[in-house]
Amino acid sequence: MTTMAKAISVKDTAFGQDMLEVLAERQLERIGYRELDMAHSIQTLKEYLIKKLSHGIIRPAPGLCQPELRCLYPVYFDSVRVLLAECVAEFFQTGKVYMAVLDISRMEYVEHEIRRLVLTPEDTAALLRVLRKVQNPAHDLIARWKDPADRGRWMEHIRALYQTISQLQ
């Protein structure tokens with residue numbers, strides 16, 4: 001019996017899919033999925049996380065108190081920026097960003113291809129900063145991987161993202 005490999009990219013996780021759905025609902029649907037604006041996307045997801053985390057809707061594990069929850073804010077924000085870095089890398093490798101978003105009225109996923117990306121030098125610098133940051137072995141995004149092989153795959157993924165995005169400077 002074989003075991004299925006764990007998702008390494010943020011985009012392939014439940015959290016990543018949730019964040020893409022937030023982007024779709026709050027930003028992309030209104031413009032017909034024509035473009036992904038990085039600065040706007042970062043702001044949209046940051047506002048969403050602040051609101052949800054500060055109101056406790058994203059519930060902490062049992063026994064986790066509010067001050068500990070505040071310590072998780074940076075991890076969520078870093079995860080969102082890694083997700084957006086994955087979208088940027090996907091765009092520059094394929095010429096599009098693929099998204100499958102749940103259509104609640106039909107209860108099925110609808111596929112979208114975003115074929116335009118708005119990325120400023122400041123956005124690129126911000127994404128590169130977070131990609132450097134999450135390579136620190138003490139960072140929670142690495143520490144979550146208990147298996148050294150998974151940790152290695154994560155580091156390889158982050159380095160590949162960094163390499164792709166650094167070419168845009």
* To do: For side-chain contact (heavy atoms from CB on, under 4.5 Å), just list the numbers for L128 and T124, CA-CA rounded to whole Å, side-chain angles, deciding distance to a tenth of an Å, and then say yes or no.
  => CA-CA 6 Å; L128 290 172; T124 302; 4.1 Å; yes
* To do: Evaluate side-chain contact (heavy atoms from CB on, under 4.5 Å) for V134 paired with I142, printing each intermediate quantity in order.
  => CA-CA 7 Å; V134 300; I142 292 178; 5.7 Å; no
* Asked: Do Y76 and L45 pass the side-chain contact (heavy atoms from CB on, under 4.5 Å) test, and can you show the C-alpha distance, the side-chain angles, and the key distance before you say yes or no?
  -> CA-CA 10 Å; Y76 282 110; L45 293 175; over 6 Å; no
* To do: Take R144 and W154 through the test side-chain contact (heavy atoms from CB on, under 4.5 Å) and record every step on the way to the result.
  => CA-CA 10 Å; R144 70 184 173 139; W154 170 258; 3.4 Å; yes
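Rounding to the nearest 0.5 Å places CD of E90 at 9.0 Å from CD1 of I114. Between the CG atom in L117 and the CD atom in E35 there is a gap of 8.5 Å [rounded to 0.5 Å]. Taking CG from N136 and CE from M155, the interatomic distance works out to 8.5 Å, rounded to the nearest 0.5 Å. Note that the OG1 atom of T13 and the CE atom of M19 stand 9.0 Å from one another [nearest 0.5 Å]. In this structure, the separation between CD on E111 and CG on D103 is 13.0 Å, given to the nearest 0.5 Å.
Of all the heavy atoms in A85 and L127, the pair that sits closest is N-CD2, 4.1 Å. The shortest non-hydrogen separation linking S41 to L36 is OG-CD1, 3.2 Å. In terms of heavy-atom proximity, F15 sits nearest to S79 at CE2-CB, 3.6 Å. Heavy-atom minimum distance, K46 versus F77: O-CE2, 4.1 Å. Contact record, A89 with L161: CB-CD2, 3.5 Å, taken as the closest heavy-atom pair.
Between the side chain of E86 and the backbone N or O of K11, at least one donor-acceptor pair lies under 3.5 Å. R30 places a side-chain N or O within donor-acceptor distance of the main-chain N or O of R26, the cut-off being under 3.5 Å. A donor-acceptor pair under 3.5 Å is formed between the side chain of D123 and the backbone N or O of T120.
Using a 4.5 Å cut-off on side-chain heavy atoms (C-beta onward), Q167 and F92 make no contact. Contact of the L28 side chain with the M99 side chain is registered, since non-hydrogen atoms from C-beta on lie closer than 4.5 Å. The shortest side-chain heavy-atom distance between W145 and I8 falls under the 4.5 Å cut-off. Residues L84 and L23 are in side-chain contact: their nearest non-hydrogen atoms beyond the backbone lie under 4.5 Å apart. Contact check for L83 versus L20: side-chain heavy atoms found under the 4.5 Å cut-off. Contact annotation: the side chain of L102 never approaches that of Q17 to less than 4.5 Å [non-hydrogen atoms, C-beta and beyond]. Side-chain contact between F91 and L119: absent, with no pair of heavy atoms (C-beta onward) separated by less than 4.5 Å. Side-chain contact between D37 and Q27 is present, with at least one heavy-atom pair separated by less than 4.5 Å.
By the rule that hydrophobic residues join a cluster once side-chain heavy atoms approach within less than 4.5 Å of another member, V80 and I50 end up as members of one cluster. Under the 4.5 Å side-chain contact rule for hydrophobic residues, V110 and M107 do not share a cluster. Linking ILVMFWY residues whenever their side-chain heavy atoms come closer than 4.5 Å, directly or via other members, places Y73 and V82 in the same cluster.
A parallel orientation is assigned to the rings of H112 and Y33, their planes being inclined by less than 30° (bins at 30° and 60°).
Partners of E47 according to the side-chain hydrogen bond (donor to acceptor under 3.5 Å, both in side chains) rule, which considers only residues two or more places apart in sequence or in another chain, are Q43.
Heavy-atom contacts from other residues, nucleotides or ligands closer than 6.0 Å to CZ of R116 number 12 or fewer.
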